[in-house]
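Below is one structure; the comments refer to it alone.
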Amino acid sequence: MDYNFIEIEKRWRDYWRSNQTFKTFDDITRPKYYILDMFPYPSGQGLHVGHPLGYIASDIITRYKRLRGFNVLHPMGYDSFGLPAEQYAIQTGQHPAITTSKNIDTYRRQLDLIGFSFDWDREVRTSDPEFYKWTQWIFIKLFDSWYNREEDKAESVDTLIEKFQDSGSGNVDAAASDHEVFSAEEWNGWSETEQRNMLLNYRLAYLSETSVNWCPELGTVLANEEVKDGVSERGDYPVERKLMKQWSLRVTAYADRLLSGLDEIDWTTALKEMQRNWIGRSEGATVNFTIDGFDETLEVFTTRPDTIFGATFMVLAPEHEMVAVITTNSRKAEVDEYVKLAMKRSERDRMMDVKSVSGVFTGAYALHPFSGDNIPIWISDYVLIGYGTGAIMAVPSGDQRDWNFARHFELPIVSIVSDTDISEGANENKDGVMINSDFLNGMKISEAISTIIKHVEEDGVGTAKINYKFRDAVFSRQRYWGEPFPVYYKEGTPYMLDESELPLKLPDVDKYLPTEKGEPPLARAKNWTTKDGYALETNTMPGWAGSSWYYLRYMDVLNEDEFVSEKALQYWQNIDLYLGGAEHATGHLLYVRFWTKFLYDLGYIPFEEPAKKLVNQGMILGEGGEKMSKSKGNVINPDDLITQYGADTLRMYEMFLGPLDQPKPWDTKGIEGVYKFLRKFWRLYHNEGNTFTISEDVANEAELRALNKVIKKVQDDIENLSFNTSVSALMICVNDLSSLKCNKRAILSDLVVVLSPFAPHIAEELWSKLGNDSSISYTSYPEFDEQYLTSDTYEYPISFNGKTRFKLSLPLDLSKDEIEKEVLANEQSIKWLEGKDPKKVIVVERRIVNIVL
RNA sequence: GCCGAAGUGGCGGAAUUGGUAGACGCGCACGACUCAAAAUCGUGUUCUUUCGGGAGUGAGGGUUCGAUUCCCUCCUUCGGCACCA
């Protein structure tokens, strides 16, 4: 075999390892570039060809940037806590740490085979106590912080306690679960437990009884983004709503900054839109309706307060706390039954069945704050407890869902906008002027909105309000294989461990299952208490805890005193380019932004966004165009391809398949083309006998043109992440040089550098054969010479009425008139002119000549 | 239903600011080398044609000397969200 990739690739893998070629230092004399791949969860299946796609792209950029003189941070690690290892542990009794470490070894072996230039000395594993020590540390910081809305940043709870001590809660503007007004005297009179319980309303990590997504099959709660179509993302098990005491993170405090920050970063519009939709900001107002015969009021949120005179009934979510209070005796049986039914229905059923209208009248009436009319209060599951206040004022003329409900139960529909037909459906557009609306009559809708808000606020019945769709993130999991919380309980009140006691390591348990009483697996651990005998938290953190800050740890992975040093942060800053799958749009990528902003607020890091630029690589599909999966049996393993063709071929072929960010089907046959290219490349440097043969002759014009073209094309393409076209450009260049029979050092020495980011093993081999002693990785990318990219003639396409008919080579220094004259005088033009006079001749220099007849 | 991305040969795809549509590769066909095969090399390959041409970038319209590229309407596929008041 002429090009012996097996031998070559092994040689350079060994060389890179023994010479620590890719070890990265904090060299402040050179500009930095931080490029990161989303780290993988090390599953038992190992890698398929889809996984390394992003890693190959990032490795090409890394190697290119090194050639450009950048000090590149390009690390890799493992998101090594997670459900599959735990499920396996439940089945086999094997400790998840053992399975995980075995899987990591497989991943590492596979990654090494592909020739990535990671600095493995900086590897992180989220399940390593030396790593999760700092995850726990950040959790403590979250617990010890509150969000000061006046300053628009997180602060230590000490400042909040001071405010409470000095002047109570009245003047505090905080992100809170439940903001009660109390005086300094009241605060100072409370016991420590009472004070701490009150503070939980403000802490950024807090314990509360919340309605959660409970998955009985997995035995744990799930975050909203871990639930898809009412079933768990992992395993497709049904999910139900359940009230449980859970740790949550107050991510909603950052809603506005998470939104506005999107304008500052170079992420795809699709991804930004997903985050915007997920956060779901909407402007409107809350309005309080008094309930006939009760002291309590019903608060509703509406984005269309202008439609208030069209409100002919109210609807509460079945779970709403007022339902039990206001229901009249005569309606009680029916309401109870409806509530019971609604609670029993799974999320999934509820979603499946959005069309049908159902609901029950409570027997109670609210008073319209302006008209004073009695309006009936109904309950229905089309109103969600989790959004707004869990109650709405129903305006059937303006909202289709309310209209459907009104029609079904024969409730009145009052038109409130002029010239609208509401006989067949609600009018949801915002044209026209208000009617039947008392003091709003005659106003346009935008004017009516601001007017009514003013009224509502003056009358003290409501206030302008911004509402968000997304909720605080539930942060507890009833699982074993996750970070233990650094939390213990004194009489039911949570306390944080001292930092000196971190990491709080995962204890051993006899089984990885919940206890008979239904407690999480950690409750099985012996002596799961503090030194003083206080019970430790038995929940663990969710999978996304470690990934919310891991990118910081790479900068300073061995630091035992801090999660990352200021010095490392000052040099490396945030990620210049982050590559990963779009499936993390509303999970990881929202939380990592949240933690980054939080750490910024506390002054621990000097930037507010984790990644300046982010690219989603498209999925590689099976040969038939469907997702690759074990169950479909269409998984392509990179190891086999590397054995058959070599890693350099695999790398180039994955790039050649198509644009990085688009999904594309795998076609194993196509890899031959890239393999042939590398062999042809090899032969440029070798004679028929496969002996390295290089000429010292001076390069000619044609050879220099081919070389300079590829130098420019590849550098432009890498900057634009257009790797498929740079592979083409390299193929064209090699085809040209082969026809020119070029084996001159003057050309081939630069060419191998251009190829090296893509196919590093063969490049190193030829580089060393060219007589270089050190790795090609740290040489310089060649500069192209403009003079070989331009020419003094241009082959003009000559078109008639926009259709190209022939080509004519003309000197570039001709004027437009001269070009026109030349073209019209040409004998082929005469034929196409058919004796007619051209109406117009368009000459675009260096582009085209178009003759209009 | 709403939001986002994308539709180009038999296939993956190229055409970076409106200027030669189909680069590069796969596949296919034919040829060279060979006893033969593999490998390699060469030639051809959008469709159609009466060999002059004609048509052609999801469909239909528009702007323009000129549109894969810009505008409008629609269709399809993929991804996300989904009773969000």
Side-chain angles (χ1 to χ4, degrees), chain A residues 1-2 228-229 268-278 280-282 284 300-304 307 315 350-351 353-357 380-384 386-395 398-402 404-405 467-470 582-583 585-586 616 618-619 621 623 625 652-653 656-659 661-674 676-677 679-680 683 688 713 716-717 719-720 722 724-732 735 738 795-807 838-844 846-853:
Chain A
M1 191 175 3
D2 41 8
K228 295 261 142 76
D229 299 323
T268 60
T269 49
L271 202 115
K272 289 185 187 181
E273 272 309 300
M274 271 190 235
Q275 292 211 342
R276 287 193 188 106
N277 291 340
W278 187 259
R281 181 184 201 270
S282 49
V300 302
F301 172 74
T302 174
T303 54
R304 292 291 304 276
T307 63
V315 188
R350 223 163 131 163
M351 282 180 183
D353 174 36
V354 282
K355 292 271 145 30
S356 69
V357 177
S380 170
D381 64 4
Y382 87 88
V383 174
L384 306 173
Y387 184 74
T389 62
I392 62 159
M393 61 174 206
V395 183
D399 182 290
Q400 191 57 45
R401 293 155 302 176
D402 297 345
N404 293 343
F405 196 84
N467 205 30
Y468 299 95
K469 211 155 80 176
F470 87 144
E583 66 273 20
T586 51
N616 295 125
M619 200 174 327
L621 308 167
E623 306 220 28
M652 290 199 89
Y653 185 53
F656 189 58
L657 277 177
D661 55 358
Q662 263 161 53
K664 46 208 168 263
W666 179 262
D667 172 23
T668 293
K669 272 185 289 188
I671 200 170
E672 289 280 352
V674 171
K676 275 196 242 173
F677 156 76
R679 301 213 295 176
K680 206 165 171 181
R683 282 200 303 274
E688 285 81 5
K713 178 72 175 157
D716 290 350
D717 283 350
E719 302 282 356
N720 292 322
S722 175
N724 53 330
T725 50
S726 41
V727 176
S728 305
L730 283 159
M731 287 174 168
I732 292 167
N735 288 346
S738 296
E795 192 171 42
Y796 279 91
I798 311 299
S799 51
F800 290 78
N801 290 334
K803 289 205 190 310
T804 307
R805 296 306 183 181
F806 63 92
K807 287 168 193 169
K839 279 195 194 126
K840 200 172 176 186
V841 179
I842 289 124
V843 177
V844 183
R846 290 172 187 236
R847 287 276 187 224
I848 200 168
V849 176
N850 189 20
I851 295 155
V852 187
L853 294 176

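Chain letters run A, B, ... following the sequence lines, proteins first and then strands; every chain starts at 1.
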**OP:** Considering just the side-chain nitrogens and oxygens of A:R847, establish if one lies under 4.0 Å of OP1 or OP2 belonging to B:rU20.
**Re:** no
Original post:
Think A:N277 has a side-chain N or O under 4.0 angstrom from the OP1 or OP2 of B:rG4?
Top reply: no
Original post:
Taking for each residue the nucleotide of RNA chain B bearing the nearest heavy atom, is the 5' side occupied by A:M731 or by A:K840?
Top reply: A:M731
**OP:** Report the base-pairing partner of B:rC74 (Watson-Crick or G-U wobble, both distances below 3.5 angstrom), or none.
**Re:** B:rG58
Original post:
Does any donor-acceptor pair link the side chain of A:K713 with the base of B:rU16 at a separation under 3.5 Å?
Top reply: yes
Original post:
Distance between the C1' atoms of B:rC83 and B:rG13, in whole angstroms?
Top reply: 42 Å
**OP:** Return no unless some side-chain N or O of A:S282 is found under 4.0 Å from OP1 or OP2 of B:rA85.
**Re:** yes
Subject >> Nearest-Å distance once atom P is located in both B:rC70 and B:rC81 >> reply: 29 Å
**OP:** Using atom CD of A:E672 as one end and atom C1' of B:rG12 as the other, report the distance to the nearest whole Å.
**Re:** 16 Å
Original post:
With respect to the side chain of A:R805, which nucleotide from B:rC24, B:rG54, B:rG19 is positioned closest?
Top reply: B:rG54
Original post:
Quick one: is A:R683 getting a side-chain N or O under 4.0 Å of the B:rC41 phosphate, OP1 or OP2?
Top reply: yes
Original post:
Say you pick atom P in B:rG60 and the same atom in B:rG4; how far apart are they, in whole Å?
Top reply: 26 Å
**OP:** Could you check which nucleotide pairs with B:rU69 in any of the strands shown, counting Watson-Crick or G-U wobble with both distances under 3.5 Å?
**Re:** none
Subject >> Distance flag, aromatic centroids of A:Y468 and A:W278, threshold under 6.0 Å >> reply: no
Original post:
Where do A:Y387 and A:F301 land on the side-chain contact (heavy atoms from CB on, under 4.5 Å) test, with the steps shown first?
Top reply: CA-CA 9 Å; A:Y387 184 74; A:F301 172 74; 3.9 Å; yes
**OP:** Could you let me know what B:rC28 is paired to, Watson-Crick or G-U wobble, both distances under 3.5 Å, or none if it's on its own?
**Re:** B:rG44
Original post:
Considering only the P atoms, how many Å lie between B:rU40 and B:rU50, rounded to the nearest integer?
Top reply: 39 Å
**OP:** Pick the P atom in B:rG58 and in B:rG9, then give their distance to the nearest Å.
**Re:** 8 Å
**OP:** Sticking with atom C1', work out how far B:rA15 lies from B:rG56, rounded to a whole angstrom.
**Re:** 16 Å
Subject >> A:K469 side-chain N/O to B:rA85 phosphate OP1/OP2 under 4.0 Å >> reply: no
Original post:
Considering only B:rA15, B:rC26, B:rG19, which nucleotide approaches the side chain of A:V844 most closely?
Top reply: B:rG19
**OP:** For B:rA29 versus B:rU64, give the span between their P atoms, rounded off to a whole number of Å.
**Re:** 49 Å
Original post:
Whole-Å distance between B:rG10 C1' and A:D667 CG?
Top reply: 12 Å
**OP:** For nucleotides B:rU8 and B:rU76, find the distance between their C1' atoms and express it as a whole number of Å.
**Re:** 15 Å
Original post:
So, is A:K664 near the phosphate of B:rG12, with a side-chain N or O under 4.0 Å from OP1 or OP2?
Top reply: no
Original post:
Counting side-chain heavy atoms from CB outward, which of B:rA85, B:rA15, B:rC65 is closest to A:V852?
Top reply: B:rC65
Original post:
Among the nucleotides B:rC65, B:rA85, B:rG13, which one has an atom lying closest to any side-chain atom of A:T303?
Top reply: B:rA85
Original post:
Rounded to whole angstrom units, what separation is found between the CG atom of A:L271 and the P atom of B:rC78?
Top reply: 21 Å
Original post:
Any idea which of B:rG4, B:rA85, B:rU40 is nearest the A:R679 side chain?
Top reply: B:rU40
Subject >> Any A:T804 side-chain N or O less than 4.0 Å from OP1/OP2 of B:rA21 >> reply: yes
Original post:
Among the nucleotides B:rG12, B:rC83, B:rA85, which one has an atom lying closest to any side-chain atom of A:Y382?
Top reply: B:rC83
Original post:
Below 4.0 angstrom from OP1 or OP2 of B:rG25, is there any side-chain N or O of A:N735?
Top reply: yes
Original post:
Nearest heavy-atom pair of A:N735 and A:K680: which atoms, and what distance?
Top reply: OD1-NZ, 2.7 Å
Original post:
Considering only B:rA14, B:rG25, B:rG4, which nucleotide approaches the side chain of A:F656 most closely?
Top reply: B:rG25
Original post:
Are A:S799 and B:rU20 close enough that a side-chain N or O sits under 4.0 Å from OP1 or OP2?
Top reply: no
Subject >> Pair assignment for B:rC81, Watson-Crick or G-U wobble, requiring both distances under 3.5 Å >> reply: B:rG1
Subject >> A:N724 side chain, from C-beta outward: closest of B:rC41, B:rG13, B:rG4 >> reply: B:rG13
**OP:** When you get a sec, tell me which of B:rA85, B:rC65, B:rC24 is the closest nucleotide to the side chain of A:I842?
**Re:** B:rC65
**OP:** Compare the minimum distances between each of B:rU20, B:rG19, B:rC26 and the side chain of A:K807, then state the nucleotide with the smallest one.
**Re:** B:rU20
